[in-house]
Amino acid sequence: MTRLLNEDERAVLRRILAGRPGLLAQVDRAEVVATWAPGSVSVDIEVPGAIPDGDLNGVFPRLALVEDAGEFLVWVAQGVLSGLEYATYLGEYPTSLPDAETISFPE
């Protein structure tokens, strides 16, 4: 199941990765290679031909909250996007991503 990122996934990544041009450049070529579970909005990502943005491994270091609903985690492996996780606090799995404009970045 390989597909390009959808519009909502791209918008979320662009908002979270603002100010990081190397990772932003990967967003339009990124492909979803798996979902984390049936119906999950969290996905594994691969970027064919990606130029790594440094050697970052693990969670991208920016707290990205959706007010009273959850948070986003962007996963990176050796400087290449590798996952987008939406963790909700509401107790039910979401069927779609929240609008990117609802993401806040507390200091």
Enquirer: Name all pairs fulfilling the side chain to side chain donor-acceptor pair (under 3.5 Å) condition that reach into residues 76-86, sequence neighbours left out, sorted by first residue then second.
Expert: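 Every side chain to side chain donor-acceptor pair (under 3.5 Å) pair that includes a residue of residues 76-86, provided the two are not neighbours, is W75-E85.
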Enquirer: Given T95 and V41, is the side-chain contact (heavy atoms from CB on, under 4.5 Å) satisfied, shown in steps?
Expert: CA-CA 7 Å; T95 57; V41 296; 5.8 Å; no
Enquirer: Grab the two heavy atoms, one from P98 and one from V66, that are nearest each other, plus how far apart they are.
Expert: CG-CG2, 3.8 Å
Enquirer: Do any N or O atoms from the side chain of R10 and from the backbone of L5 form a donor-acceptor pair under 3.5 angstrom?
Expert: yes
Enquirer: Give me each pair satisfying salt bridge (charged side-chain N to carboxylate O under 4.0 Å, His left out) with a member in residues 58-73, each pair once, sequence neighbours excluded.
Expert: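 Qualifying pairs: none.
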Enquirer: List, by chain and then residue number, the residues other than L90 in its hydrophobic cluster (Ile/Leu/Val/Met/Phe/Trp/Tyr, side-chain heavy atoms under 4.5 Å); write none if there are no others.
Expert: none
Enquirer: Going by the rule side-chain hydrogen bond (donor to acceptor under 3.5 Å, both in side chains), which residues pair with D28 if we only count those two or more places apart in sequence or in a different chain?
Expert: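 If we apply the side-chain hydrogen bond (donor to acceptor under 3.5 Å, both in side chains) test to D28, skipping adjacent residues, the hits are R14.
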Enquirer: Linking directly or through intermediates, with side-chain heavy atoms under 4.5 Å: list the remaining ILVMFWY members grouped with L63, chain and number order.
Expert: L65, Y89
Enquirer: Which pairs pass ring-ring contact (aromatic ring centres under 6.0 Å, His included) with one or both residues in residues 38-70, sequence neighbours excluded?
Expert: none
Enquirer: Do V12 and L73 belong to the same hydrophobic cluster, where Ile, Leu, Val, Met, Phe, Trp and Tyr are linked whenever their side-chain heavy atoms lie under 4.5 Å apart, directly or via other members?
Expert: no
Enquirer: Applying side-chain contact (heavy atoms from CB on, under 4.5 Å), run through L17 and V27 and close with a yes or a no.
Expert: CA-CA 9 Å; L17 299 172; V27 171; 4.2 Å; yes
Enquirer: State which residues pass side-chain hydrogen bond (donor to acceptor under 3.5 Å, both in side chains) with R29; sequence neighbours excluded, sorted by chain then number.
Expert: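 side-chain hydrogen bond (donor to acceptor under 3.5 Å, both in side chains) check on R29 returns nothing, list empty.
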Enquirer: Looking at residues at least two apart in the chain, or sitting in another chain, which of them share a side-chain contact (heavy atoms from CB on, under 4.5 Å) with E92?
Expert: none
Enquirer: So how far is it from L56 CG to L81 CG, rounded to the nearest 0.5 Å?
Expert: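 Output value for this atom pair is 9.5 Å.
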Enquirer: Tell me, which pairs form a side chain to side chain donor-acceptor pair (under 3.5 Å) where one or both residues lie in residues 41-55, sequence neighbours left out?
Expert: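 Found R20-D53, W36-D44.
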Enquirer: Please give me the minimum heavy-atom distance between A69 and T88, naming the atom from each residue.
Expert: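 For A69 and T88, the tightest heavy-atom pair comes out as O-OG1, 3.0 Å.
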Enquirer: Report yes or no: does Q26 contribute a side-chain atom to a donor-acceptor pair with the main-chain N or O of L23 at less than 3.5 Å?
Expert: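 No, the answer is negative, given that no donor and acceptor are paired below the 3.5 Å cut-off.
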Enquirer: Supply the atom-to-atom distance I45 CD1 to L4 CG, rounded to the nearest 0.5 angstrom.
Expert: 11.5 Å
Enquirer: Please name all residues satisfying side-chain contact (heavy atoms from CB on, under 4.5 Å) with A64, sequence neighbours left out, ordered by chain then number.
Expert: I16, F72, I103, F105
Enquirer: Could you tell me which residues satisfy side-chain contact (heavy atoms from CB on, under 4.5 Å) with T2, sequence neighbours excluded, listed by chain and number?
Expert: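 With neighbours one apart ignored, the set is E31, V33.
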